[in-house]
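Take a look at the structure set out below.
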Amino acid sequence: MFVQPENWSKLSATEKREARFASWMSTEGRPFASPDAESEYKLRAQRIKDVIDLKKPDRVPITPFVGGYFAKFGGITPYDVMYDYEKYTVAWHKFNEEFKPDFLVFSGAFNPGKVFDILGYQVYRWPGGSLSKNVDFQCLEVEYMLADEYDDFIADPESFYMRTYMPRAFSALQGFGMLPTFFASMELPMAPALMIPAGLPPVQQSLKAFMEAGLAALEYAEASGKADGYLQATYGMPALPGGFTKAPFDYIGDTIRGTRGIMLDMFRQPAKVIAAVERLVPIATKLGVQTATMNNNPFVFIPLHKGADGFMSDADFRKFYWPTYKAVLEGLIAEGLVPWNLVEGGYNSRLAVIAEDHPPAGASYWNFDQTDMTAAKKYFGDWAAIAGNVPSSLLHTGTPEDVATYVKGLIDTAGKDGGYALATGAVLDHTTAENLHAMFTTGKEYGVY
Amino acid sequence: MSQELIDAITEMREEDVVAITNQLLDEGVAPTDILMACKQAMDVIGKRFEEGDAFIPELILAGEMMTSVTDILKPRMAEESTSDKLGKIVIGTVQGDIHDIAKDIVAFMLDLNGFDVTDLGVDVPPEKFVETVQDTGATIVGLSGFLTLAFDPMKDTVAAFKAAGLDDVKIMIGGGQIDENIRQYTGADAYGRDAMAAVDLAKSWV
């Protein structure tokens, strides 16, 4: 937990960022197995801070977003990852001990199957749920909010989520739909009106499931904390990123209306889409601030989806996507946080759009996937840290020599004069160990400034 | 008047499309002529897509408009003869992958461009692709996969065709992480970046 100093509201965004970094980089109160591990921790944290500050670090930091590959390397299934924390821990340790990236970039593959089983999660399918044990989890795009429900959402997103979205997204939470407004508790004679529904069997069942899922989530958090804590203490690998949020358009487009739904809405009811994404700005910002603060980490993970090349025109990007996304970025930066954007797909035509109206300098990180990194450096290099772009197809099918050549090219262009971190373009699910070693070794040797 | 329909479609005026279609029918215009106008409009949208002037939202809305028009025309039209089709294609998302949005767009564009498309849906095992090709006599197969987990099932599916002796069947692959490296890895005949690329490939194979 990051504890804000008393004068927090008087600090500038830069001062706030420095305070958050200082707290994250401090080794005080963090257990280390050896003085070496402690100094490694400081060195690595400084390395990524230099990149964010657009300076030259001692060498290019290595920050791949590890998906399900560690499980394959460790010989366990995606099912094991989600259901057997001991097996997960062994595999996660084995991967990090073998490849030694600079950071523990959290694995998006590690999630608690038990929690989803208890809640009857509908939005995703996962290994051991309704997918085979060998397949990674996947999203099921359905309209969890209907086309005519925008007004309800906009009027009160939290209430809409609680009473309408949750029963649709979680079969065990049907009773949430019967919860009355909490304003009913205003006076003694009215308060019972609030409590009566809480006594009804569907509500009771849902609340029980909710509590049970909470305990299962704690077990998961404990397992995760222990697994990462050991690696941090032994090898001095700092964990990244800390918090999370999404671009408002992706909130609606991914798991509320779905791709198809939101894209038709862009034509049929554009004003509602815009009102909804605007309504989400403070909510998305607050989520990022809270989660990063809780984890005492200056970075906020933002996976970007529906604003990629091809998903809409630049004109629509400017109209529907960028203004509210930018507002979230600025809100986070104002709170001293560093948005850690995972820019999936290509962002080639967006680079110029963002650059001409970019958020404050030295305060954001952009992990590109299929974006031209020379162009990314050109448009972003003087105001933002860039990362990524080692292609998943190359890691899966290329030779170690191919990978080394590609990485050198990245370091020469994107890494010129600093401001760059070496990472995979997409989440790392499939590669060969030889290729991944080639990527890391090249980064560690050729990436020295 | 048909030009009005074409304009309404290419300008994404969804409500006008339905109104104009009904009006054309009232005026006695043949359903096949209306369909021809739709086809012309879709050619314009397809071209814009290829040139980077139209995007996925436009393709999705165009799909909706085409469905509306065909729903209106269907009761008035004789069953379409399959012999008019350019060729038969079997398409699906490979085993283990449940994504369908891009695959649906590709299937729609192929259908619209005159192909007889059998869509097997998502999470399709290799043997299902092979059986369907054997049953339908299709000469082209489209394999879709959004995630990197699709690489191996794609490779397995291509191998299944070879094992079944269907070496003449042309196989194209597509999806978010698919490129020339993956085409070589899977042994597919070609890969396409988007729906129009799929149409161009299919046309070059018949």
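In what follows, every chain begins at residue 1, and chains take the letters A, B, ... in the order their sequences are listed.
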Are there over 12 heavy-atom neighbours, none belonging to [X], within less than 6.0 Å of that residue's [atom1]?
{"X": "B:Glu15", "atom1": "CD", "answer": "no"}
{"X": "B:Phe146", "atom1": "CZ", "answer": "no"}
{"X": "A:Phe70", "atom1": "CZ", "answer": "yes"}
{"X": "B:Lys162", "atom1": "NZ", "answer": "yes"}
{"X": "A:Asp148", "atom1": "CG", "answer": "yes"}
{"X": "B:Lys39", "atom1": "NZ", "answer": "yes"}

Heavy-atom donor-acceptor pair, B:Glu58 side chain to A:Ser313 backbone, under 3.5 Å: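 The answer is no, because no donor-acceptor pair under 3.5 Å joins these two groups.
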
Exam field: side chain A:Glu141 to backbone B:Asp100, donor-acceptor pair closer than 3.5 Å: no

Ring pair (Phe, Tyr, Trp, His ring centres under 6.0 Å) contacts in which one or both residues fall within residues 155-196 of chain B, not counting sequence neighbours: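 Listed by first then second residue: A:His396-B:Tyr185.
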
Sequence neighbours excluded - ring pair (Phe, Tyr, Trp, His ring centres under 6.0 Å) pairs with any residue from residues 32-76 of chain B: none

Atom group of B:Gln177 that falls short of 4.5 Å from chain A, counting heavy atoms: both

Starting at [atom1] of [X], measure out to [atom2] of [Y] and round the result to the nearest 0.5 Å.
{"X": "A:Thr259", "Y": "B:Asp104", "atom1": "OG1", "atom2": "CG", "result": "11.0 Å"}
{"X": "A:Asp429", "Y": "B:Thr148", "atom1": "CG", "atom2": "OG1", "result": "4.0 Å"}
{"X": "B:Arg183", "Y": "A:Thr397", "atom1": "CZ", "atom2": "OG1", "result": "11.0 Å"}
{"X": "B:Leu149", "Y": "A:Leu131", "atom1": "CG", "atom2": "CG", "result": "9.5 Å"}

Max heavy-atom pair count under 4.5 Å with chain B, selected residue of A:His430, A:Gln370, A:Gln138: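 Counting heavy-atom pairs under 4.5 Å, the top option is A:Gln138.
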
Atom of B:Ile98, atom of A:Cys139 and distance for their closest heavy-atom approach: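 So the two residues come closest at CD1-O, 3.9 Å.
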
Taking every non-hydrogen atom, the tightest pair across B:Asn181 and A:Ser393: ND2-OG, 3.6 Å

Answer with side chain, backbone, both or neither: which region of [X] has an atom nearer than 4.5 Å to a non-hydrogen atom of chain B?
{"X": "A:Asn134", "value": "neither"}
{"X": "A:Ser132", "value": "neither"}
{"X": "A:Asp369", "value": "side chain"}

Among the listed options B:His99, B:Gln184, B:Glu64, the residue most often paired with chain A at heavy-atom distances under 4.5 Å: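 Going by pairs under 4.5 Å, I would pick B:Glu64.
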
Proximity of residues 262-273 of chain A to chain B, residues having a non-hydrogen atom under 4.5 angstrom: A:Met263, A:Leu264, A:Met266, A:Phe267, A:Arg268

Where at least one partner belongs to residues 189-201 of chain B, residue pairs that pass salt bridge (charged side-chain N to carboxylate O under 4.0 Å, His left out), sequence neighbours excluded: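 Salt bridge (charged side-chain N to carboxylate O under 4.0 Å, His left out) check on residues 189-201 of chain B returns no pairs.
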
